[in-house]
S.K.: 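Sharing a structure below in structure tokens format, with a few things to ask.
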Amino acid sequence: MKTIYLDNAATSYPKPSEMIEAMRIFQENIGANPGRSGHGRSIDAGRTLYETREALAKLFHIDDPLRVVLTKNSTEALNIALLGALRPGDHVITTGMEHNSVMRPLRHLESHGIELSVVSSSPQGELDPADLSKTFRKNTKMVVMTHASNVTGTIQPVAEVGRIVREKDGVMFCVDAAQTAGALPIDVEAMNIDLLAVTGHKSLFGPQGTGALFIREGLDKRIAPLMMGGTGSRSEFEMQPDFMPDKYESGTPNTPGYAGLCAGLNLIAKTSLEAIRQKEMSLTARFLDGLGQMRSHVAVFGPNNAARQTAVVSFNIQDVTPSDAALFFEEEYGILCRPGLHCAPSAHRNIGTFPQGTVRFSFGFYNTKQDVDDALTAVGRLAAR
Amino acid sequence: MTAPTPQAVALFHSVSHALRAEKIAKAAGIACRLIPVPRHLSSDCGVCLRFPLAEQSAIEQSLSNQIDYYEIFPL
Ligand SMILES: Cc1ncc(COP(=O)(O)O)c(C=O)c1O
């Protein structure tokens, strides 16, 4: 039986051959430690990282590539931003639709004297910026929110929230774009984003173990590094460098991974974000239409409107638990999906599906209409049982 | 035999900065190259940008407003 991969929100598959080839070429022809030794191949390894920063900067409209810190994933990026910037006595605002990579660091900080406000979203997962604007306090230091939910795909009003935050003095706006980087346009200037966390292995077509954090100019002074160590720069000093990006990049990085990520980013530039979005939107619309025909047995969560969500659809079939459904889909149809809580218990509470969770089908650029039709056949059969 | 062209190097905070400077300088048409930092200039293990001394002002002009910190030394 062939498999149909519908778990792209967890990590994209398949990966472009250009990405795999770039990693192989790095290992075979460069393979040195970046920025450590001064010889030609060490410089080439450094150049691999620099070009990755440049490609990320271009995609997100960042003018200086050195404002891009390379991390192992968005979780690391978010931890640098949250744990590095917030101090006891500070107040931070977030939404009810967050992933645990935001909620867990925030709950940890809350137990260490940081005040936390969680603004609920609608049952479809949509945040009303007016609700958020009411929660500011004198000591508010940051607003952190996801750009799109990994549970329902709901696209959040990031630009509107950015405008609200920009009017408040000294408040940082941090966006978790794990689900949207490479899938939706992101412009850190137009959206007033101060801290942007992305992961490489989803819609950026990179390998696992790659990610990045953009830090707006000036804010690095307010953000302590999580890790310290060798950076290749200023080796004569025993103090951690205080400049970007070395301040946050201690230890030998995943250079082969970034070589792959860079190739993924180049492919996005070549294909165009618009073309990727159109394709993913049409697959999502086709799937939502099909589920709409099964309304009496299938409950769809989230906006149920392809224009207002990423290529992520959460649903439940009457009288079937999400885990049983996922097992049926894999065993009978070779469909790989993700049931349960998707590392986002608070988002499931917000949409009313905690603790059983949902079945999540997430499409990617390499899925086809036939995949969607096969998925609908499978859901239809389970719903009719 | 012609005398070798006098050269200078620019030292930066880090390899990332040196790579950025190299891109900017090359885009401005300046012949330059990243080399290991000469031992007499720094005990650091990094790289620096070597260019013809005659291009010093061109280098300074192209890097201004783009790289906050660097130092130039004639070789
Ligand atoms: C919304 C959201 N934030 C953060 C993450 C964490 O990404 P990673 O595991 O790559 O750090 C994910 C993915 O699992 C996500 O969907």
Side-chain angles (χ1 to χ4, degrees), chain A residues 30 32-58 62-70 212 215 217-218 220-221 229-250 252-253 255 258 262, chain B residues 4-53 55-56 58-75:
Chain A
I30 304 178
N33 199 324
R36 300 296 195 268
S37 314
H39 57 69
R41 287 205 272 121
S42 170
I43 293 171
D44 285 344
R47 199 171 272 123
T48 300
L49 301 185
Y50 186 80
E51 280 166 7
T52 308
R53 291 183 219 283
E54 223 172 33
L56 287 162
K58 197 153 170 238
I62 297 162
D63 25 299
D64 180 357
L66 299 186
R67 310 259 14 127
V68 177
V69 176
L70 298 175
I215 303 181
E217 190 171 0
D220 48 300
K221 303 277 173 289
T231 57
S233 52
R234 320 207 78 193
S235 299
E236 67 273 40
F237 297 108
E238 291 183 6
M239 291 300 285
Q240 184 73 1
D242 61 355
F243 51 83
M244 291 284 291
D246 297 37
K247 181 175 178 182
Y248 307 100
E249 289 186 358
S250 292
T252 301
T255 317
Y258 298 118
C262 192
Chain B
T5 321
Q7 303 277 326
V9 292
L11 268 57
F12 302 89
H13 267 333
S14 75
V15 179
S16 310
H17 291 82
L19 285 160
R20 178 157 164 76
E22 183 199 33
K23 279 229 156 182
I24 294 166
K26 284 203 165 144
I30 300 165
C32 57
R33 197 190 149 164
L34 291 171
I35 61 163
V37 178
R39 182 69 186 82
H40 69 280
L41 291 179
S42 166
S43 55
D44 201 355
C45 53
V47 296
C48 59
L49 189 66
R50 188 182 65 190
F51 55 90
L53 185 58
E55 298 274 27
Q56 178 161 350
I59 282 271
E60 284 170 349
Q61 209 175 2
S62 61
L63 296 188
S64 69
N65 299 322
Q66 304 232 51
I67 303 255
D68 333 324
Y69 169 87
Y70 62 91
E71 276 183 287
I72 290 178
F73 300 94
L75 286 184

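Residue numbers begin at 1 in each chain, while the letters A, B, ... track the order of the sequences.
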S.K.: Check whether Arg50(B) reaches the backbone of Ile35(B) with its side chain - one donor and one acceptor, N or O, closer than 3.5 Å.
M.R.: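 Between the backbone of Ile35(B) and the side chain of Arg50(B) there is no qualifying donor-acceptor contact (under 3.5 Å).
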S.K.: Got a sec, which residues hit side chain to side chain contact (heavy atoms under 4.5 Å, CB included) with Asp44(A), two or more places apart in sequence or on another chain?
M.R.: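 Partners of Asp44(A) by the side chain to side chain contact (heavy atoms under 4.5 Å, CB included) criterion, ordered by chain and then number, come out as Ile30(A), Arg47(A).
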S.K.: Charged N to carboxylate O under 4.0 angstrom, Asp242(A) versus Lys221(A)?
M.R.: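 No salt bridge links Asp242(A) with Lys221(A).
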S.K.: Restricting to non-hydrogen atoms, name the atom on Ala32(A) and the atom on His39(A) that form the minimum distance, rounded to 0.1 Å.
M.R.: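 Scanning both residues completely, I find the closest heavy atoms to be CB-CE1, 3.7 Å.
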S.K.: Residue by residue, which of residues 14-26 of chain B have a heavy atom closer than 4.5 Å to a heavy atom belonging to chain A?
M.R.: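 Within residues 14-26 of chain B, near chain A: Ser14(B), Val15(B), Ser16(B), His17(B), Leu19(B), Arg20(B), Glu22(B), Lys23(B).
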S.K.: Under 4.5 Å between any side-chain heavy atoms of Cys48(B) and Pro38(B), yes or no?
M.R.: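 The answer is yes, as the side chains (C-beta and beyond) meet within the 4.5 Å cut-off.
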S.K.: Against chain B, label Ile43(A) side chain, backbone, both or neither, depending on which of its atoms sit under 4.5 Å from a heavy atom there.
M.R.: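 Contact with chain B involves both backbone and side-chain atoms of Ile43(A).
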S.K.: Which pair of non-hydrogen atoms, one from Ser42(A) and one from Ser37(A), has the smallest distance, and what is that distance?
M.R.: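 It is OG-N, 3.3 Å.
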S.K.: Considering only heavy atoms from C-beta outward, does the side chain of Cys262(A) approach that of Thr48(A) to under 4.5 Å?
M.R.: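 With C-beta onward as the side chain, the pair stays apart.
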S.K.: Do Ile59(B) and Gln56(B) come close enough that some side-chain heavy atom pair is under 4.5 Å?
M.R.: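 Heavy-atom side-chain distance check fails, nothing below 4.5 Å.
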S.K.: Does Ser250(A) use its side chain to pair, donor to acceptor, with the backbone of Thr231(A) at less than 3.5 Å?
M.R.: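 No, Ser250(A) side chain to Thr231(A) backbone: no donor-acceptor pair under 3.5 Å.
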S.K.: With a 4.5 Å heavy-atom cut-off, do Asp220(A) and Tyr248(A) have their side chains touching?
M.R.: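 The answer is yes; the side chains approach within 4.5 Å.
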S.K.: Quick check: under 4.5 Å, non-hydrogen atoms only, which of residues 50-57 of chain A neighbour chain B?
M.R.: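 Within residues 50-57 of chain A, the residues that come under 4.5 Å of chain B (heavy atoms only) are Tyr50(A), Glu51(A), Arg53(A), Glu54(A).
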S.K.: Pick one: which of Leu53(B), Leu41(B), Leu49(B) meets side chain to side chain contact (heavy atoms under 4.5 Å, CB included) with Val9(B)?
M.R.: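 It is Leu41(B); the other options fail the test.
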S.K.: Looking at every heavy atom in both Cys32(B) and Phe51(B), which two are closest together, and how far apart are they?
M.R.: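 Smallest interatomic distance, heavy atoms only, reads CB-CB, 4.1 Å.
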S.K.: For chain A, find its close neighbours in residues 64-75 of chain B: heavy-atom separation under 4.5 Å, sorted by number, or none.
M.R.: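 Expected list: none.
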